[in-house]
There are 2 protein chains.
Amino acid sequence: MSNYRTISLDHYATIFKALSNPHRLQIFNILTGCCEPGTLCSTDEMMSCCVGDLDSQLNIASSTLSHHLKELHHAGLIEMQRNGKQVLCSINPATLAEVAALFSSARTTQN
Amino acid sequence: MSNYRTISLDHYATIFKALSNPHRLQIFNILTGCCEPGTLCSTDEMMSCCVGDLDSQLNIASSTLSHHLKELHHAGLIEMQRNGKQVLCSINPATLAEVAALFSSARTTQN
DNA sequence: TCTATAGTTCGACATGTTTCGAATTGTAAT
DNA sequence: ATTACAATTCGAAACATGTCGAACTATAGA
């Protein structure tokens, strides 16, 4: 956690807040495993990440899912893109790398 | 985020929740910069991490600080140890490494 | 033992979050 | 146009969180 000041702590707090909810973390988790980061799954592939697919894995009302996706998007963790009737979701690799860098720099401080 | 299932998602959600509050993240930040991880600052060194030192940097009531420290501790992010009248705080390096591993494994999924 | 210092616990209040169902918007196909 | 499907927005209810001041506990020193 040494070069954290390039980005404000509040920014990181926003990211952690987005990941602090079990349902949102589950969405994030599904998304990291679903697509090549930075790409959107096309629907004709085995794994797709449209909102409906998430819905079927998450035992919550679709309005609740929509709310959580908005939070993840506002935190910069995911990207969303309409494709016909569906909206495809994917991880934003830049934010992922940002957080990874935060913690790996903290870890190098050890030893 | 590939080998996440060794520890439950809820466990990570708890950690992220602890870090999602700006004051708690600030405490965590101070602590990562203060002491060698896994050690407690002794009071005769330049940088100490007793509750009072945090208090003087954080513009919140000491009861609020106490509450936040408890949350960080329950999430496994910090350790606390009484030393006379003071309580010394330090980062728990194991949890830090756990989260670092989570994100660095997610990052290797890229490219 | 009395006093001062360091932290914590408690109760209360204001604010924020999660969740749902109903209504709405956007898109494609009939 | 009408219908069907996919997803979002809205309003309300239940619940959780952050904050404070006051009261309390713990330790050390006079």
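Numbered from 1 within each chain, the chains take letters A, B, ... in sequence-line order.
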_Distance under 4.0 Å to a non-hydrogen atom of chain B counts as contact; along DNA chain C, which nucleotides mark the start and end?_
dT5(C) to dT9(C)
*asked:* For chain A and DNA chain D, what are the first and last nucleotides along the strand, 5' to 3', with at least one atom under 4.0 angstrom from a heavy atom of the protein chain?
replied: dC5(D) to dT9(D)
*Taking for each residue the nucleotide of DNA chain C bearing the nearest heavy atom, is the 5' side occupied by Ser20(A) or by Ser63(A)?*
Ser20(A)
*Can you find a heavy atom in the side chain of Leu9(A) that is under 4.5 Å from one in the side chain of Pro22(B)?*
no
_Between Ser20(A) and Ser20(B) (side chain of the first, backbone of the second, donor and acceptor by atom type, cut-off under 3.5 Å), is there such a pair?_
no
*So what does His67(B) hit on the nucleic acid, given a heavy-atom distance under 4.0 Å: a base, only sugar-phosphate, or nothing?*
base
*Comparing Lys85(A) and Thr64(B) on DNA chain C - which has the more 5′ nearest nucleotide*: Thr64(B)
*Counting any heavy atom closer than 4.0 Å, what does Leu65(A) reach on the DNA or RNA strands: base, sugar-phosphate only, or nothing?*
nothing
*Specify the closest pair of heavy atoms between Tyr12(A) and Val99(A), including all atoms of both residues, with the distance to one decimal.*
CE2-CA, 4.5 Å
*Report which part of the nucleic acid Asp55(B) touches: base, sugar-phosphate, or nothing (heavy-atom distance under 4.0 Å, all strands).*
nothing
*Main-chain N/O of Lys17(B) paired to Arg24(B) side chain as donor or acceptor, under 3.5 Å*: yes
*Leu19(A) versus Leu19(B): any side-chain heavy-atom pair under 4.5 Å?*
no
*Could you label the plane-to-plane angle of the His68(A) and His23(A) rings as parallel, tilted or perpendicular, counting under 30° as parallel and over 60° as perpendicular?*
tilted
*asked:* Please determine whether side-chain contact (heavy atoms from CB on, under 4.5 Å) holds for the pair Leu69(A) and Ser66(A), giving the CA-CA distance in whole Å, both sets of side-chain angles, and the decisive distance to 0.1 Å.
replied: CA-CA 5 Å; Leu69(A) 289 173; Ser66(A) 213; 5.6 Å; no
*Before giving the answer on side-chain contact (heavy atoms from CB on, under 4.5 Å), spell out for Cys89(A) and Val51(A) the whole-Å C-alpha distance, their side-chain angles and the decisive distance to 0.1 Å.*
CA-CA 7 Å; Cys89(A) 306; Val51(A) 175; 4.0 Å; yes
